[in-house]
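A quick write-up on the structure given underneath.
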Amino acid sequence: MADFERLPPDSPERWRALLGRKISIRYALTGDPEHPFSEAIGVVGSVTGEGAATTIGVVDRKGATTEIVAARVLQGKVFPTAS
């Protein structure tokens with residue numbers, strides 16, 4: 001069984017170290033009490049900002065990018081790379 005790195009990391013630098021890696025993350029949404037969470041699965045395509053303003057761009061298999069504020073990431077994993 002493969003070992004997965006758990007998320008979220010604690011700094012923008014650690015998010016930047018994940019550029020190009022496949023991830024699955026659950027993050028909090030605001031403004032919709034019936035749907036408080038969402039999930040993004042894809043490759044980390046960008047990491048911008050610092051501190052509480054850090055934003056992660058996750059590119060899905062169709063090429064669409066979801067921008068997620070890092071502070072809203074609740075949990076996730078990094079898929080292992082192929083050897």
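Numbers here simply count residues along the sequence, with the first being 1. Because the structure is a prediction, the values reported are computed rather than measured.
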Where do Val69 and Tyr27 land on the side-chain contact (heavy atoms from CB on, under 4.5 Å) test, with the steps shown first?
-> CA-CA 9 Å; Val69 175; Tyr27 59 97; over 6 Å; no

Verdict with supporting geometry, Ile41 and Lys22, side-chain contact (heavy atoms from CB on, under 4.5 Å) | CA-CA 7 Å; Ile41 301 172; Lys22 184 176 181 181; 4.0 Å; yes

Given the rule in the side-chain contact (heavy atoms from CB on, under 4.5 Å) test, do Val58 and Val43 qualify, once you have shown the distances and angles that lead to the verdict?
-> CA-CA 5 Å; Val58 179; Val43 174; over 6 Å; no

Quick one: do Trp15 and Val73 satisfy side-chain contact (heavy atoms from CB on, under 4.5 Å)? Show the steps, please.
-> CA-CA 11 Å; Trp15 278 110; Val73 175; 4.0 Å; yes

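Partners of Arg16 according to the salt bridge (Lys or Arg N to Asp or Glu O under 4.0 Å) rule, which considers only residues two or more places apart in sequence or in another chain, are Glu50.
Legend: side-chain hydrogen bond (donor to acceptor under 3.5 Å, both in side chains) pairs involving residues 51-60, not counting sequence neighbours: none detected. The salt bridge (charged side-chain N to carboxylate O under 4.0 Å, His left out) analysis of residues 25-35, with sequence neighbours excluded, yields no pairs.
Interatomic distance, Leu7 CG to Leu74 CG, rounded to the nearest 0.5 Å: 11.5 Å. How far CG of Leu29 is from CZ of Arg72: 8.0 Å, rounded to the nearest 0.5 Å. The NE2 atom of His35 sits 12.0 Å away from atom CZ of Phe37, with the distance rounded to the nearest 0.5 Å.
Both Ile68 and Leu18 are part of a single hydrophobic cluster, where members link through side-chain heavy atoms under 4.5 Å apart. Cluster annotation: Ile25 and Val47 are assigned to the same hydrophobic cluster (Ile/Leu/Val/Met/Phe/Trp/Tyr, side-chain heavy-atom contacts under 4.5 Å, transitive).
Between Ser24 and Glu39, the shortest heavy-atom contact is OG-OE2, 3.1 Å. Closest approach of Pro12 to Gly51, counting heavy atoms only: CG-N, 3.7 Å. Minimum interatomic distance between Glu67 and Ser46 (heavy atoms only, all atoms of both residues): OE2-OG, 4.1 Å.
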